[in-house]
Amino acid sequence: MKDQLHSLFSQAIEQLKADQVIPSDHQITLMFERTRQREHGDFATNVAMTLAKPARRNPRELAELVVAALPADDLITKVEIAGPGFINVFLDTSARYAVVSNVLAAGDQYGLAPAGSGQKVMVEFVSANPTGPLHVGHGRGAAYGDALARVLSAAGHAVEREYYVNDAGRQMDILGVSVWIRYLQANGIDTTLPENAYQGDYVVEMGNQLAAEHGDAYVVSAEDITQARGELELEAALDAVIALAKSRLGEAGFGVFFELALNTILDDIRQDLGEFGVHYDTWFSERSLYTDGKVDAVVKKLQASGDIYEKGGALWFKTTAYGDEKDRVVVRENGQPTYFASDIAYHADKLERGFDLAINVWGSDHHGYIPRVVAALQALGLDSEKLKVLLVQFAVLWRNGEKVPMSTRKGEFVTLRDLRDEIGSDAARFFYAQRKSEQHMDFDLDLAKSHSNENPMYYVQYAHARICRIFDNAAERDIQFKAAEGEQLAVLDGEHEIALLTLLARFPELIQSAAANYEPHQVSYYLRDVATAFHAYYNASKILDAEPEARQAMLTLCAATRQVLRNGLSVLGVGAPESM
RNA sequence: GUGCCCGUAGCUCAACUGGAUAGAGCAACGGCCUUCUAAGCCGUAGGUUACAGGUUCGAGUCCUGUCGGGCGCGCCA
């Protein structure tokens, strides 16, 4: 419909160019908007206002000329010029109710662009360090990332979801050693867990499990540990204990603790996300970048191109040459690569896998990290425009009017699983999906739990369930439903019906807009609008008591509304129950 | 100190990316169930879009400054 308007107005503008009203070389972006008020017709365009300057005429006068040059067409019944120079277009009513048939014909594909019509896109999200259960902060990233992936694929893109597993580096050593200490305690060794190690109960459980499986095979004395720590400060003391564990147990022995911790936690995360409705195509291991030699390769390549220099025994990447504020270390003085080194290899690998677009969903605390990753891609001769980093603000949790602390190491946090148990996966997803990603967000746990029925999701689902019930009741009353078509739908001209029809017609545009702007929250607001329009309609009309012919048309509208609600909820990854 | 994000009704958030009279939900007040699910509907009230300038036909949206909040600025990840 918009395309048709576009073509008609383009013809009019070409005509004006030919008449030399507008400079013929002027580039025009023709935009149509759905109007907010009925008096303004169905669509409006501001083209006359944007042309005012190049044409050196006042907008209203230009609007007159555009309208005069507009070819006749059945679609348009009336055109008005309003305000400072808007051109308001009124469409033929048959164009309005035709949407019902379109919805029913397309079914669960309505609003969705054909698969493969878009780009090849990867969405990497959550990627939390596998050092403990996911907390509600990760939940926002999970809900946003997955809804984004769904919106993008609804808009026709081929989407892959990826989780980058940080299974290398010091954090994992700390986790391994935390489990080891708990294991020692389970074997009766009188030692304490350093306060900067992982404190969670899950670490205790793993220690107990390993003590049961391996007995005292990996035990050292409490004195050895005390001696290793010596008078060192916190972090250095922890490193000393890690070194002790590695030297006494060997790589293989330490690996027992490390691997169990990693696998247990990763399985838990995978299950947690699965129950949240989030499923990944790829779990990409950071360690594999080392074992496959990709980190080395990328460092050598940057050395060869002169982007890496040595200073103070460390290797530095000249990221300032690509707009970063300071240069960054990639290989430390002690020969250990930094996290940045593997991240360069990871992002290079992503783009080399042939995605048109690689989206990273990151917590906003990582925003300072973006310039150096972009720098790395540019230095490697890759197209950094293909990387898009979307930042999600972490939610601030409130309980009893106080901020809830969130520290993984201290084991003090509300887990995603707790939240799902309290309010359910669907409600949690919908709640997160209602917020724009970069918006700061307050999450009041007491409110979320005690007033869970006030979650707008129920409002939308209720509209769906109500429609299902109407059809149940129709069947009980022996009313046979056969979708009305064409002129039979012309009775749908009440205020509520027109509002509903207009909304249903907007759905495909909405999906495109939500995808183009990476804003899945647009879908949740849209669904609420559809539900509002339906509930109002429902209360105003006794559908099953209407005259048979009108009743068929009304039921057809209900069926179309139900379909759109279903499709929209599915884009958010939320269910559409048939009864509530 | 410096860089990025944010500031909209009492609270939580929208606003089709520069458009017409800034909208919803909670909370408050008043109505609607012997009638397809009241998890609903209808109505009332609530605003100097943090503040001050600027850009233009037109600004919550863009530019500058100020104030307030969050987050970065490691040979951590």
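To find a chain, count down the sequence lines: A is the first, B the second, and so on, and within it residues start at 1.
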Q.
Less than 4.0 angstrom between a side-chain N/O of A:Arg466 and OP1 or OP2 of B:A39, yes or no?
A. no

Q | A:Tyr459/A:His535 aromatic ring centres below 6.0 Å | A | yes

Q: Could you tell me which residues satisfy salt bridge (Lys or Arg N to Asp or Glu O under 4.0 Å) with A:Glu61, sequence neighbours excluded, listed by chain and number?
A: A:Arg57

**Q.** Ring centres under 6.0 angstrom apart (A:Tyr432, A:Tyr144)
**A.** no

Q. Could you write nucleotides 71-77 of chain B as a row of B, S and -, 5' to 3', where a protein heavy atom under 4.0 Å of any base atom gives B, of only sugar-phosphate atoms gives S, and otherwise -?
A. BSSSBSB

Q | Centroid-centroid distance, A:Phe125 to A:Trp362, less than 6.0 Å | A | no

Q.
Taking the basic N atoms (NZ, or NE/NH1/NH2) and the acidic carboxylate oxygens, is any pair closer than 4.0 Å for A:Arg96 and A:Asp42?
A. yes

Q: Determine whether any donor atom in the side chain of A:Asn88 lies under 3.5 Å from an acceptor atom in the base of B:A20, or the reverse, and answer yes or no.
A: yes

(Q) Under 3.5 Å for both pairing distances: what stems, at least three Watson-Crick or G-U pairs long, include RNA chain B? (A) B:1-7 with B:67-73, B:10-13 with B:23-26, B:28-32 with B:40-44, B:50-54 with B:62-66

Q. For RNA chain B, whose closest nucleotide is more 5', that of A:Gly83 or that of A:His521?
A. A:His521

(Q) Strictly under 4.0 angstrom, non-hydrogen atoms only: write out the protein contact profile of nucleotides 54-61 of chain B, one letter per nucleotide from the 5' end, B, S or -. (A) ---B----

Q: Measure up the A:Phe481 and A:Phe471 rings against each other and bin them: parallel (under 30°), tilted (30 to 60°), perpendicular (over 60°).
A: perpendicular

Q.
Centre-to-centre under 6.0 Å for A:Tyr346 and A:Phe284, is that the case here?
A. yes

Q: State whether A:Asp173 and A:Lys246 are salt-bridged, where the test is any N-O pair (Lys NZ or Arg NE/NH1/NH2 against Asp/Glu carboxylate O) under 4.0 Å.
A: yes

Q: Name the closest nucleotide to the A:Ala536 side chain, picking from B:C36, B:C42, B:U35.
A: B:C42

Q. Quick one, which residues of residues 550-567 of chain A touch RNA chain B with a heavy atom under 4.0 Å?
A. none

(Q) Check A:Glu162 with A:Lys350, please: is the shortest side-chain N to carboxylate O separation under 4.0 Å? (A) no

(Q) Check for me whether the distance between the ring centres of A:Phe32 and A:Phe9 falls short of 6.0 Å. (A) yes

Q: Sequence neighbours left out, what passes ring pair (Phe, Tyr, Trp, His ring centres under 6.0 Å) with A:Tyr163? Give chain and number order.
A: A:Tyr280, A:Trp283

